Number of protein chains: 2
Amino acid sequence: MSKEKSYHHGDLKSALIEAGLAILERDGLKGLGLRAIAAKAGVSHTAPRNHFGSLRGLLTAIGAEGYRRHAAFMREGLSDASTGPDRLQAAMEGYVRFSAAHPALFKLMFSDYYCDFEDAELQEAAAGSYAVLTEVATGLDWDKAAAPDAQHRAEMMLWSFAHGFATLSASGQFGPGAEGANIPTISDVLPTFRYRDR
Amino acid sequence: MSKEKSYHHGDLKSALIEAGLAILERDGLKGLGLRAIAAKAGVSHTAPRNHFGSLRGLLTAIGAEGYRRHAAFMREGLSDASTGPDRLQAAMEGYVRFSAAHPALFKLMFSDYYCDFEDAELQEAAAGSYAVLTEVATGLDWDKAAAPDAQHRAEMMLWSFAHGFATLSASGQFGPGAEGANIPTISDVLPTFRYRDR
DNA sequence: GTTTTCATATTGCCAGTGTAAATATTGTGG
DNA sequence: CCACAATATTTACACTGGCAATATGAAAAC
């Protein structure tokens with residue numbers, strides 16, 4: 001263990017991201033300040049400025065890491081699913097499972113108040129997350145006659161649905177979340193969609 | 001015109017809400033500070049404290065007004081729509097039209113960072129907005145056999161879909177919004193849903 | 001009509017925030 | 001060994017929202 005406290009941290013960049021993620025889990029977005037993150041990483045509050053330009057830059061990097069984990073959540077159940085609809089369902093469940101497990105990070109990721117969506121790294125990470133949705137959406141027999149770009153529209157629909165469900169449930173707007181009440185999951189609602197190769 | 005500047009404002013409560021809404025339109029969420037709102041209303045930055053307890057209280061009141069306008073947007077095209085599916089489509093379009101016309105207010109309304117969802121007035125206003133969705137969802141022939149509470153699940157699906165589409169498009173995540181590109185509207189994507197009495 | 005009362009608005013202050021510039025410390029290539 | 005670049009710290013600053021004490025004016029009580 002290099003617990004030696006040297007003037008130079010060594011790998012402060014990733015240490016700050018990890019510190020931010022930890023604070024996000026414990027205290028949510030309210031606790032995510034520049035000074036708090038820096039203190040958790042054991043440095044002064046101006047140290048992050050060398051690696052990320054500003055607080056927003058640091059939060060953007062945290063958001064990018066969030067998108068990678070988000071994609072991982074969606075891919076988690078994919079190996080067990082064989083048919084197209086099952087793969088679709090697994091990805092959707094992963095989408096929501098992530099927002100329930102890491103609500104603060106989820107909000108951060110999709111807020112242009114915290115994240116700079118012009119950032120290249122963030123865009124790449126977000127694209128990786130979106131790619132999972134496009135993967136599970138291909139091969140499904142949507143109503144091609146309706147429009148020439150039916151595939152694209154289907155992706156928009158799935159993304160909208162998953163994101164809306166995740167957002168609303170993470171905000172507790174579907175009811176008292178902590179209760180043992182049987183709130184329908186996204187899979188309960190998903191079959192209302194129309195796809196044909198089931 | 002009572003342009004006389006008296007020590008007592010008279011109707012500061014609603015003046016502050018209007019000032020906040022105006023700032024929200026012009027500068028977005030970043031410009032929405034306690035001092036900025038108070039200055040626009042022509043009072044000191046501690047005046048709002050008498051009517052709303054804190055900045056959060058004021059923002060919550062602004063959010064409540066947002067929900068009322070949101071409901072009005074959804075009801076806008078309802079009178080011209082006769083059939084069930086047409087009414088559903090009109091409400092969904094209103095949902096998205098609001099988020100496009102007032103993106104900052106839309107974000108404020110659905111963020112528990114700014115709004116206190118325990119507030120009675122906000123809850124009532126939000127319920128009024130949700131009521132429109134339940135109205136247009138009733139009478140549609142969902143797959144009742146799938147579950148006993150098919151109606152509730154259908155509402156969750158519609159709400160999730162509309163909210164997700166509105167959120168993602170308002171955040172510009174569906175593509176470069178300013179371009180003249182033909183980005184599908186929510187009505188383009190909506191027919192992918194399955195309802196039966198068309 | 002005067003006085004009391006009370007809601008409302010102001011001033012001055014406070015701790016806390018992110019940012020910036022100047023300084024100190026360390027590793028690295030000449 | 002030395003100059004240089006990278007990295008972290010210190011100090012200071014403008015700004016934020018919240019609070020306490022004070023000032024104002026309108027409406028109620030006498």
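Order of the sequence lines sets the chain letters (A, B, ...), proteins ahead of strands, with each chain counted from 1. Everything numeric here is computed off the predicted structure, so don't read it as measured data.
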Can you tell me how far [atom2] of [N] sits from [atom1] of [X], to the nearest Å?
| X | N | atom1 | atom2 | result |
| --- | --- | --- | --- | --- |
| A:K30 | D:dG17 | NZ | C1' | 14 Å |
| A:N50 | C:dA22 | CG | P | 15 Å |
| A:L12 | C:dT25 | CG | P | 19 Å |
| A:L58 | D:dA8 | CG | P | 13 Å |

Output the single nucleotide from D:dT9, C:dT8, C:dT11 whose closest atom is nearest the side chain of B:H51.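 Nearest listed nucleotide: C:dT8.
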Are any of the side-chain nitrogens in B:K13 or B:E18 under 4.0 Å away from the carboxylate oxygens of its partner?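 No.
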May I ask you to say whether A:R68 pairs ionically with A:E121, meaning some side-chain N is under 4.0 Å from a carboxylate O?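 Salt bridge present between A:R68 and A:E121.
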Looking at [atom1] of [X] and [atom2] of [Y], how far apart are the two atoms once the value is rounded to the nearest 0.5 Å?
| X | Y | atom1 | atom2 | value |
| --- | --- | --- | --- | --- |
| A:H102 | A:H70 | NE2 | NE2 | 10.5 Å |
| A:F110 | B:T167 | CZ | OG1 | 10.0 Å |
| A:L122 | A:M109 | CG | CE | 8.5 Å |

Heavy-atom contacts under 4.0 Å between residues 103-113 of chain A and DNA chain C, which residues?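 Close to the strand, none.
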Please verify the inter-ring angle class for A:F106 with A:Y95; under 30° counts as parallel, over 60° as perpendicular, anything in between as tilted.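 If you compare the ring of A:F106 with that of A:Y95, the planes turn out perpendicular.
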Polar atom pairs (N or O), protein with nucleotides 17-19 of chain C, under 3.5 Å:
| unit_1 | atom_1 | unit_2 | atom_2 | d |
| --- | --- | --- | --- | --- |
| C:dG18 | OP1 | A:L34 | N | 2.8 |
| C:dG18 | OP2 | A:L34 | N | 3.1 |
| C:dG18 | OP2 | A:R35 | N | 3.4 |
| C:dG18 | N7 | A:R35 | NH1 | 2.5 |
| C:dT19 | OP2 | A:L55 | N | 3.0 |
| C:dT19 | O4 | A:H45 | NE2 | 2.7 |

Near-ring test A:F174/A:F165, centroid separation under 6.0 angstrom: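 Yes, the ring of A:F165 comes within the 6.0 Å limit of the ring of A:F174, centre to centre.
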Nearest heavy-atom pair of B:L158 and B:M92: which atoms, and what distance?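 Closest approach of B:L158 to B:M92, heavy atoms only: O-CE, 3.9 Å.
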